[in-house]
Amino acid sequence: MKTLNLDLAEKSYPIYIGQGLLSQGELLTKHINGKQVMIVTNTTVAPLYLEQVKSLLGEGDHQISQVILSDGEQYKTLDTVNLIFDALLENRFDRSCTLIALGGGVVGDMTGFAAASYQRGVNFIQIPTTLLSQVDSSVGGKTGVNHALGKNMIGAFHQPKCVVIDVDTLDTLDDRQYSAGMAEVIKYALLGNLDFLHYLQKNINELMARDKSMMIELVYQSCEDKANIVAQDELEVGKRALLNLGHTFGHAIENTLGYGNYLHGEAISVGMLMAVKLSQFEGYLSVDEVDQVQDLLEKSNLPISISGKIIASDFMAAMSVDKKVIDGNIRLILLKKLGDAFICNDYQDKLLNRVINDFCQ
Ligand code: NAD
Ligand code: GLY
């Protein structure tokens with residue numbers, strides 16, 4: 001097992017990464033203070049891992065309850081979070097309780113948000129079970145839900161007590177979801193880690209074949225890159241925005257085509273390529289560098305174009321409902337070079353329009 005620490009003073013926490021971690025109960029129990037534990041999962045993950053996690057906690061030692069949510073990005077709503085509150089209240093959970101998110105990013109974001117707001121904040125633990133949630137969403141304390149008018153628009157920062165990443169859970173994850181996780185991995189490389197980019201380019205075939213020891217390295221490197229940025233800027237007043245490379249474009253794809261059509265990671269794949277193209281049009285990247293990014297995305301079986309029909313003006317309208325918009329200006333994350341991202345406020349509108357028109361049919 002490898003352990004990383006996300007350094008946030010009194011809110012610091014460990015991220016455990018390895019195989020067989022869902023057999024090691026003490027990783028969970030040492031971060032649980034009270035007796036009441038609510039495991040939040042969904043209809044897909046429950047039959048796979050719920051009993052295993054329950055058995056780790058020991059029924060005698062804890063009052064264990066569970067909520068099994070419907071599966072899907074379309075259920076990432078306040079109504080669904082309310083089901084968690086119902087279960088907490090029906091079972092008379094008090095402020096010493098701990099919520100455990102068992103699942104992908106959708107379960108993790110909603111459980112974290114419930115933990116942030118139940119009785120003004122209770123403990124929670126992340127057990128991410130998709131590649132995307134293991135390399136990104138379980139780390140850093142962003143929690144929340146979608147609104148019909150915008151992705152992740154309702155939420156809170158609330159850090160978990162620990163993150164337990166068992167890469168063995170990826171054995172049951174299908175290839176499309178695995179690829180979606182690779183999009184966020186590639187993001188770290190593009191935004192700030194050229195050595196990691198070269199590693200991914202060299203080893204992409206083995207990584208896509210899910211070589212276990214390489215997967216642990218992949219998750220570790222991704223979490224380390226994210227933890228370093230979050231430690232410097234927990235609340236995204238500055239540098240953390242770099243983690244949104246491709247996201248303003250990607251969220252617009254998700255929002256315009258409807259949640260669930262494109263997986264989040266797939267939308268981010270196309271969104272990153274749009275950001276990379278704009279970086280090229282702005283004169284930062286060469287055609288060869290753009291081709292390198294496209295090649296890596298394609299080898300990860302990720303989309304590089306929008307397959308549904310989106311009208312360019314609708315896309316632009318969706319982009320302007322994004323958390324990166326400040327005083328009406330859409331801030332974008334662009335690349336000065338591969339492995340070197342920056343927050344850009346002064347891109348040329350005509351070049352942004354050219355990118356959007358190129359991608360929207
Ligand atoms: P997801 O949670 O929808 O999971 C994808 C699918 O895989 C679901 O059907 C799920 O039930 C299933 N699944 C989960 N674990 C499985 C397993 N081990 N075996 C088989 N199937 C399994 O999607 P995701 O890609 O994990 O997360 C996407 C969400 O994460 C989006 O809502 C996105 O906004 C959010 N996100 C949040 C952050 C953050 O910092 N909080 C960062 C990135 C993404
Ligand atoms: N996924 C972006 C962030 O956590 O800041």
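Order of listing sets the numbers, starting from 1, for every ligand and every atom in it.
At a heavy-atom distance under 4.0 Å, only side-chain atoms of K226, from C-beta outward, approach ligand 2.
In this comparison of L245, N152, L235, D136, the heavy atom closest to atom 1 (N) of ligand 2 sits on D136. Taking all heavy atoms of K239, E234, K142 into account, the minimum distance to atom 2 (C) of ligand 2 is reached by K142.
In this structure, H247 has no heavy atom closer than 4.0 Å to ligand 1.
Ionic pairing of D171 and K212 is present here: one or more N-O contacts between side-chain nitrogen and carboxylate oxygen are shorter than 4.0 angstrom. The pair R331-D346 does not meet the salt-bridge criterion, since no charged nitrogen lies less than 4.0 angstrom from a carboxylate oxygen.
Set against the non-hydrogen atoms of N152, the atoms of ligand 1 under 4.0 Å away are 34 (O). The atoms of ligand 1 that sit less than 4.0 Å from any heavy atom of K226 are 40 (O).
Side chain of S300 to backbone of L296: a donor-acceptor contact under 3.5 angstrom is found.
Considering backbone and side-chain N/O atoms, E184 never comes within less than 3.5 Å of an N/O atom of ligand 1.
With a 6.0 Å radius and a threshold of 12 heavy atoms from other residues, nucleotides or ligands, K30 has its NZ atom above the threshold.
For the pair K336 and Y284, the NZ or CZ position fails the cation-pi test of under 6.0 Å to the six-membered ring centre and within 45 degrees of the ring normal.
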